Novice: 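Below you'll find the structure I mean.
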Number of protein chains: 2
Amino acid sequence: MTKIKESSSTNINKELSELKCPVTYVMNKIGGHWKSIIIFQLITGPKRYSELKRAIPVITEKMLIQSLKQLEADRLVIRKAEVVVPPFVTYSLSDSGRELIPLMHLMAEWAIHDSQRTVRN
Amino acid sequence: MTKIKESSSTNINKELSELKCPVTYVMNKIGGHWKSIIIFQLITGPKRYSELKRAIPVITEKMLIQSLKQLEADRLVIRKAEVVVPPFVTYSLSDSGRELIPLMHLMAEWAIHDSQRTVRN
DNA sequence: CGGCATCCTAGCCGATACTG
DNA sequence: CAGTATCGGCTAGGATGCCG
């Protein structure tokens with residue numbers, strides 16, 4: 001019983017691919033346009049919903065919530081809600097999420113490097 | 001003039017996001033279900049088209065070709081075609097592509113680690 | 001062998017409006 | 001403040017068939 005638990009984006013082919021390619025496993029969790037951006041924003045510490053919205057102005061509320069829910073379902077992000085009026089909800093990286101930070105930094109390095117190389121053709 | 005050159009998947013919002021989040025830049029190049037898998041296969045060395053197809057049986061030809069073209073356009077993969085009969089085409093990682101290898105390994109590590117944690121809930 | 005063209009569908013994603 | 005709900009366009013991606 002070494003089954004990989006289902007990600008937020010469930011699909012039989014994806015599951016198969018994940019087993020054969022761990023990179024796909026990662027992609028299913030932090031892929032898409034928004035999830036990695038959100039993680040990036042949370043690296044500096046917990047943020048409220050409205051802070052995230054302000055930090056990522058181009059995202060729609062639908063996508064922000066949807067992405068946050070997926071990240072929460074995949075246990076990369078922790079949602080903590082204070083039941084008060086007005087509501088006070090903060091999102092933060094879980095342990096798994098924090099373990100992604102070196103990866104993000106490596107990606108960022110490669111991106112900078114590659115974009116510079118590509119510019120000068 | 002430090003403009004980031006357009007990726008194979010062009011979109012004004014993407015471009016903006018790329019500037020704000022280098023991770024998105026990476027995602028645009030190796031995101032999607034197939035591109036990272038293909039890169040993974042090419043780590044071990046150049047492969048012919050048919051070899052790739054056999055190595056990734058679940059991929060359709062359309063997706064294989066499409067992904068390869070994008071990877072080639074983004075200069076991560078080099079296509080070398082011998083004009084003979086029958087045709088002989090090999091794909092290999094470019095310098096940029098090879099610089100992704102540590103990234104892939106880090107991703108793989110995280111995936112293994114995370115999937116094990118998730119399994120035991 | 002190594003592709004390209006076409007049709008078709010699921011679901012991603014944006015826009016807009018509403019709620020506890 | 002922090003979400004939900006609904007409609008609909010767009011496109012990624014699968015199935016199938018043809019080509020040099």
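Predicted, not measured: the structure shown is a model, and the values here were computed from it. Letters go in sequence order (proteins before strands), and every chain restarts at 1.
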Novice: Any side-chain N or O of B:Arg79 under 4.0 Å from OP1/OP2 of C:dG3?
Specialist: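 Yes, because at least one side-chain N or O of B:Arg79 sits under 4.0 Å from OP1 or OP2 of C:dG3.
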Novice: Between D:dA2 atom P and A:Glu51 atom CD, what is the distance in whole Å?
Specialist: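 Going from CD in A:Glu51 over to P in D:dA2 covers 8 Å.
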Novice: In whole angstroms, how far is the C1' atom of C:dT6 from the CE atom of B:Met63?
Specialist: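 Rounding to the nearest Å, CE of B:Met63 and C1' of C:dT6 are 13 Å apart.
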Novice: Atom CZ of B:Phe88 to atom C1' of D:dG20: distance rounded to whole Å?
Specialist: 18 Å
Novice: Quick one: do A:Phe88 and A:Leu42 end up in the same hydrophobic cluster if we chain Ile, Leu, Val, Met, Phe, Trp and Tyr together by side-chain heavy atoms under 4.5 Å apart?
Specialist: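 Different hydrophobic clusters.
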Novice: Hey, could you give me the CZ/CG distance between B:Arg98 and B:Leu100, rounded to the nearest 0.5 Å?
Specialist: 11.0 Å
Novice: For C:dC1, does either OP1 or OP2 sit under 4.0 Å from a side-chain N or O belonging to B:Ser50?
Specialist: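 It does not, given that no N or O in the side chain of B:Ser50 lies less than 4.0 Å from OP1 or OP2 of C:dC1.
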Novice: What integer distance in Å separates A:Glu82:CD from C:dG20:P?
Specialist: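 Result: 22 Å.
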Novice: Need one value for A:Glu61: base, sugar-phosphate or nothing, where a base atom within 4.0 Å counts as base even if backbone is also close, heavy atoms only.
Specialist: base
Novice: NZ of A:Lys47 versus P of D:dG3: gap in Å, rounded?
Specialist: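 Interatomic distance, NZ of A:Lys47 to P of D:dG3: 16 Å.
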Novice: May I have the distance from A:Lys69 (atom NZ) to C:dC12 (atom P), rounded to whole angstrom?
Specialist: 15 Å
Novice: Looking across every strand, which nucleic acid part, if any, lies under 4.0 Å from B:Lys62 by heavy atom: base, sugar-phosphate, or nothing?
Specialist: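 It contacts base atoms.
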Novice: Tell me yes or no: between the side chains of A:Gln70 and A:Lys35, is some donor less than 3.5 Å from an acceptor?
Specialist: yes
Novice: Under 4.0 Å: is that the gap between some side-chain N or O of A:Tyr91 and OP1 or OP2 of D:dG3?
Specialist: yes
Novice: Between atom OH in A:Tyr49 and atom P in C:dT19, what is the gap in whole Å?
Specialist: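 After rounding, the reported distance stands at 17 Å.
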Novice: Please check the phosphate of D:dG14 (OP1 and OP2 only) for any side-chain N or O of B:Thr60 closer than 4.0 Å.
Specialist: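 Answer is yes, contact under 4.0 Å.
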Novice: What's the CD-P distance between A:Gln66 and D:dA5, to the nearest Å?
Specialist: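 After rounding, the reported distance stands at 13 Å.
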Novice: Have a look at the helix from C:dC1-D:dG20 to C:dG20-D:dC1 and give the angle its two end axes make, five pairs each, rounded to 10 degrees.
Specialist: 50°
Novice: Can you measure from CG (B:Leu68) to CD1 (B:Ile59) and round to the nearest 0.5 angstrom?
Specialist: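 If I round to the nearest 0.5 Å, the distance is 7.5 Å.
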Novice: Under the side chain to side chain contact (heavy atoms under 4.5 Å, CB included) test against A:Val89, which residue among A:Arg48, A:Arg79, A:Glu82 passes?
Specialist: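 One option only clears the test, and that one is A:Arg79.
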Novice: Does the side chain of A:Arg48 get closer than 4.0 angstrom to OP1 or OP2 of D:dC1 through an N or O atom?
Specialist: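 For D:dC1, OP1/OP2 do not have a side-chain N/O of A:Arg48 under 4.0 Å.
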